[in-house]
Participant: 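The structure's right below; bear with me while I get my questions together.
Along the sequence shown, residues are numbered consecutively beginning with 1. All values below were derived from every heavy atom in this structure, side-chain atoms included, with hydrogens, water molecules and symmetry-related copies excluded.
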Amino acid sequence: MTNQILSGIRVLELGQLIAGPFAAKTLADFGAEVIKVETPGDGDPLRKWRMLHEGTSVWWQAQSRNKQSICIDLRTLEGQQLVRTLAESTDVLIENFRPGTMEKWGMGWEDLHRINPRLIMLRVSGYGQDGPKRDEPGFAAIAEAMGGLRYITGEPGRVPVRAGVSLGDTLAGLHGAFGVLLALYQRDARGGTGQMIDVALYESVFNLTESLLPEYAAFGAVRKPAGGALPGIAPSNAYRCQDGEYVLVAGNGDSIFKRLMLLIGRSDLAEDPGLARNDGRAGRAAELDAAIEAWTGTLPIEAALAGLKQAGVPSGRIYSAKDIAEDEHYRARGVIEKVRSSEGLEVDIPGVMPKLSGNPGAIRERAPSLGEHTERILAGAGLSADQIAALKKNGVVS
């Protein structure tokens, strides 16, 4: 597809695992040429994470689609020089090493900006490129805790829980991709130069915590875990049905609340002036939750959902992977796509999001095998066949 917005933008991805590569994947989906630098021999550790098919993670097929793989040993002087050579013709370089690593290799921001003033450098780390924690290792679980999310997640009185995915990494990747787009706009539409983007995992989580800090600053209020409810917004919770399934109900809109109460046979609550607005309902959330569950507890989930749908009350079930794979709305929207791996496995993966009407993204290529494009990329950078052979012989590339 030649009309993709980022066609002609070259990205050099030095990161591994999740945060940096997720940012690069997002850019690749919209047309950027992404060259992924991997370690000779093993490659990105994500290749071996979670469930494997013939030695390669099926997750790899989602995270690394639309990318090219080149193997360079960054610990060698020759490998570092190769990256500097590639950076000369690169628009965006993405790295998520611990701060100071790139500088140790002679590839810090100042070094690369001197080589290519138009270069945009996205740096993703646990705590950012400065501050007292900059040198500490940072993973998503720690970032989610420091960002305030872990403290408020879970059931009251129990151990705080994490989401079942590396949310901090993905949020950082999205913030990073957004930062790259801003920097590209400044460079290309406003006549600017390249710049460095500093994304911290914990800050990406903190940015999504809504009223958490303002409520503490104004009232000294420390929000606590609330299970399936959303404190201060009512009614909104998961309610047990007759068959043991849980139905999610978001009845916190003023008119929606009235329709919900009439549906469950509680006209007294629907007409109560003290419940007409959210601030009044929030103080009586437990009473409202009990009234709703008294109704859902008499019905199997399908009957409850049918009634809620007819009444125009936002509701839904809790989806497993099986539910997602079989859901007709997912399929109709095209947000599940099928790809074939280099080993021949057909696998469903998340499609390209968001959806653009004029310049949509696309999955153009499957995820690469390790070092699949090494020779082609180096030849494109001006290296001769003899030079490439010598680098291979010395283990610098593979």
Participant: Could you walk me through whether Asn66 and Lys25 satisfy the side-chain contact (heavy atoms from CB on, under 4.5 Å) test, starting with their C-alpha distance in whole Å, then the side-chain angles of each, then the deciding distance to 0.1 Å, before giving a yes or no?
Facilitator: CA-CA 7 Å; Asn66 291 332; Lys25 187 260 310 185; over 6 Å; no

Participant: Looking only at heavy atoms, what is the nearest atom pair of Arg47 and Pro368, with distance?
Facilitator: NH2-O, 3.1 Å

Participant: Could you go through Asp254 and Arg281, starting from their C-alpha distance and side-chain angles, then the distance that decides it, and tell me whether this counts as side-chain contact (heavy atoms from CB on, under 4.5 Å)?
Facilitator: CA-CA 10 Å; Asp254 295 342; Arg281 295 192 295 270; 2.9 Å; yes

Participant: Taking side-chain contact (heavy atoms from CB on, under 4.5 Å) as the criterion, tell me which of Val249, Thr296, Ile264 meets it with Leu308.
Facilitator: Val249

Participant: Between Asp386 and Lys393, does any NZ, NE, NH1 or NH2 come within less than 4.0 Å of an OD or OE carboxylate oxygen?
Facilitator: no

Participant: Counting only heavy atoms from other residues, nucleotides and ligands, does the tally under 6.0 Å from CD of Glu210 exceed 12?
Facilitator: no

Participant: Return yes if a side-chain donor-acceptor contact under 3.5 Å exists between Ser320 and Asp323, otherwise no.
Facilitator: yes

Participant: Tell me which one of Asp279, Asp289, Asp272 satisfies salt bridge (Lys or Arg N to Asp or Glu O under 4.0 Å) with Arg284.
Facilitator: Asp272

Participant: Do Asp327 and Arg317 meet the salt-bridge criterion of a basic N to acidic O distance under 4.0 Å?
Facilitator: no

Participant: Test side-chain hydrogen bond (donor to acceptor under 3.5 Å, both in side chains) on Ser341 and Gln61 and set out the steps.
Facilitator: CA-CA 7 Å; Ser341 74; Gln61 308 309 320; 4.6 Å; no

Participant: Say whether Met121 and Ile115 are linked into one hydrophobic cluster, either directly or through other cluster members, by side-chain heavy-atom distances under 4.5 angstrom.
Facilitator: yes

Participant: Between Asp91 and Ile120, is any pair of side-chain heavy atoms under 4.5 Å apart?
Facilitator: no

Participant: Flag the pair Ile324 / Ile336 as yes when at least one side-chain heavy-atom distance between them is below 4.5 Å, and no otherwise.
Facilitator: yes

Participant: Quick one: does Pro156's side chain get under 4.5 Å of Lys224's, heavy atoms only?
Facilitator: no

Participant: In sequence, state the C-alpha distance, the side-chain angles, and the governing distance for Phe30 and Leu356, and then conclude on side-chain contact (heavy atoms from CB on, under 4.5 Å).
Facilitator: CA-CA 10 Å; Phe30 290 92; Leu356 277 65; 3.8 Å; yes

Participant: Might you confirm whether atom CD of Glu103 has over 12 heavy atoms from other residues, nucleotides or ligands at distances under 6.0 Å?
Facilitator: yes

Participant: Taking atom CD as the centre, does Glu346 end up with more than 12 heavy-atom neighbours from other residues, nucleotides or ligands that are less than 6.0 angstrom away?
Facilitator: yes

Participant: Leu122 and side-chain contact (heavy atoms from CB on, under 4.5 Å): which single residue from Ile94, Leu14, Asn96 fits?
Facilitator: Ile94

Participant: Evaluate the criterion side-chain contact (heavy atoms from CB on, under 4.5 Å) for residue pair Thr153 and Arg162; output intermediate values, then yes/no.
Facilitator: CA-CA 7 Å; Thr153 305; Arg162 69 172 296 178; over 6 Å; no

Participant: So, Glu372 and Arg366, do they make that salt bridge, N to O below 4.0 Å?
Facilitator: yes

Participant: Is the CD atom of Glu337 crowded by more than 12 outside heavy atoms at less than 6.0 Å?
Facilitator: yes

Participant: What is the ring orientation for Tyr127 with Tyr202, classed by angle as parallel under 30°, tilted 30 to 60°, or perpendicular over 60°?
Facilitator: tilted

Participant: For a quick test of reading the model, state the closest non-hydrogen atom pair linking Pro21 to Glu13 and the distance between them.
Facilitator: CG-OE2, 3.4 Å

Participant: Checking side-chain polar atoms at under 3.5 Å, does Thr39 have a donor or acceptor matched by the opposite partner on Arg75?
Facilitator: no

Participant: Around atom NZ of Lys355, are there more than 12 heavy atoms from other residues, nucleotides or ligands closer than 6.0 Å?
Facilitator: yes

Participant: Determine the minimum heavy-atom distance between Ser211 and Arg223, stating which atoms define it.
Facilitator: OG-NH2, 2.7 Å

Participant: Side-chain heavy atoms nearer than 4.5 Å, only ILVMFWY residues, links allowed to pass through others: does that put Val180 and Leu6 together?
Facilitator: yes

